[in-house]
Amino acid sequence: ESDPDPKRRYKGLFNSSNRYLGTSPDGFEWTMLDVPPIPSADESHFTYDEISGQYIAMVKHSTRWGRSVWLSTSKDFEHFSEPELIFHTDEVDWENCRKRVREVVENPAYITPPVVDDEDYIAETYHMAVMPYEGFYIGFPRIFNPFGAVPPPEMNFTRINQVELAVSRDLYSWDRVADRALFLSIEPWDG
């Protein structure tokens, strides 16, 4: 609502490999801007922070920790900063992955995934939604815990995606909440 141009009232990121910028007067008819896209893999999260007056794009790139969260910001929704790595998994997440996968595979209350190959896969951060709140930021990292590799041509994994919580005062340094306890887990199958 703060944009003086009513044709730019709504803003969004589009595409599956890079994030192209689009604006709309009504949220239905979109115009793509003639500006460079934000580099990203297949996931992103986008929001506007009224307190800092900036647009926040959380994008995904691979690192040695697998899928990881990168941040790009803009004051004018045309010139975004180069993405910076801000969040990734680590050895604690990898151990949590082993426990969470075992719990699902060994507990008959859950549906067993179609591919479980007993490899020691690493946990990754699939993406992270961020919500500005009262001068700080609440992050919802979705942790990707693989069970098994799906054979070609699919080239993906059976997995569980579970959401944890993180907080930050500056978008760059994040603290994990509640010793990485799950905020949104998967539920047992009840028919």
Is there a side-chain contact between [X] and [Y] (heavy atoms, below 4.5 Å)?
X	Y	result
Leu182	Arg100	yes
Leu71	Met58	yes
Val59	Pro39	no
Thr47	Pro132	yes
Thr63	Leu85	yes
Val163	Ile143	no
Arg19	Ser44	yes
Ile56	Phe46	no

Taking only residues two or more places apart in sequence or in another chain, which ones pass side chain to side chain donor-acceptor pair (under 3.5 Å) with [X]?
X	result
Ser24	Asp26
Ser62	none
Asp5	none
Asp3	Arg8, Lys11

Identify, with sequence neighbours excluded, every residue that meets salt bridge (charged side-chain N to carboxylate O under 4.0 Å, His left out) alongside Asp42. Lys60
Can you give me the closest heavy-atom contact between Val115 and Ala149, atom names plus distance? CG1-O, 3.6 Å
Show your reasoning for whether side-chain contact (heavy atoms from CB on, under 4.5 Å) applies to Thr31 and Lys7. CA-CA 9 Å; Thr31 301; Lys7 294 178 184 172; over 6 Å; no
Is there a path of hydrophobic side-chain contacts, each under 4.5 Å between heavy atoms, that joins [X] and [Y]?
X	Y	result
Phe144	Ile122	no
Phe183	Val167	yes
Leu184	Met128	no
Phe87	Val130	yes

Using atom types as modelled, flag every donor-acceptor pair under 3.5 Å from a side chain in residues 171-178 to any protein atom, sequence neighbours excluded.
from, atom 1, to, atom 2, distance (Å)
Trp174, NE1, Leu171, O, 3.0
Arg176, NH1, Asp93, OD2, 3.3
Arg176, NH2, Asp93, OD1, 2.6
Arg176, NH2, Glu164, OE1, 2.7

Without swapping roles, check the side chain of [X] against the backbone of [Y] for a donor-acceptor pair under 3.5 Å.
X	Y	value
Thr73	Tyr55	no
Ser72	Ser81	yes
Asp90	Val92	yes
Thr125	Ser68	no
Asp76	His79	yes

Drop me the distance from [X]'s [atom1] to [Y]'s [atom2], to the nearest 0.5 angstrom.
X	Y	atom1	atom2	answer
Tyr126	Asn145	OH	CG	13.5 Å
Ile186	Gln162	CD1	CD	5.5 Å
Thr23	Glu29	OG1	CD	12.0 Å
Asn161	Ser185	CG	OG	11.0 Å

Selection residues 1-27 - residue pairs positive for ring pair (Phe, Tyr, Trp, His ring centres under 6.0 Å), sequence neighbours left out: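 Ring pair (Phe, Tyr, Trp, His ring centres under 6.0 Å) check on residues 1-27 returns Phe14-Trp30.
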Atom pairs and distances, donor-acceptor, side-chain atoms in residues 102-113, under 3.5 Å, two or more places apart:
from, atom 1, to, atom 2, distance (Å)
Asn107, OD1, Ala109, N, 2.8

Would you please name every residue forming a ring-ring contact (aromatic ring centres under 6.0 Å, His included) with [X], sequence neighbours left out?
X	value
Tyr133	none
Phe80	Phe77
His88	Trp65

Aromatic centroids of Phe157 and Tyr121 separated by under 6.0 Å: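 Yes: the rings meet the under 6.0 Å criterion.
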Axial cation check for Phe136 ring with Arg169, 6.0 Å and 45° limits: yes
Does a side chain donor of either Glu124 or Thr89 reach within less than 3.5 Å of an acceptor in the other side chain?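 No pair is found: no donor N or O on one side chain lies under 3.5 Å from an acceptor on the other.
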Is it true that Asp49 and Tyr137 share a donor-acceptor pair across their side chains at a distance under 3.5 Å?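 The criterion, which ignores hydrogens and geometry beyond distance, is satisfied for Asp49 and Tyr137.
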Would you mind listing every salt bridge (charged side-chain N to carboxylate O under 4.0 Å, His left out) that reaches into residues 113-123, with sequence neighbours excluded? Arg98-Asp120
Going through the checks in order, is the side-chain contact (heavy atoms from CB on, under 4.5 Å) test met by Val69 and His127? CA-CA 6 Å; Val69 180; His127 80 110; 5.6 Å; no
Taking atom NZ of Lys75 as the centre, does the number of heavy atoms from other residues, nucleotides or ligands within less than 6.0 Å exceed 12?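 It does: Lys75 NZ has more than 12 such atoms within range.
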Below 4.0 angstrom, N of the basic side chain to O of the carboxylate: do Glu43 and Arg67 qualify? no
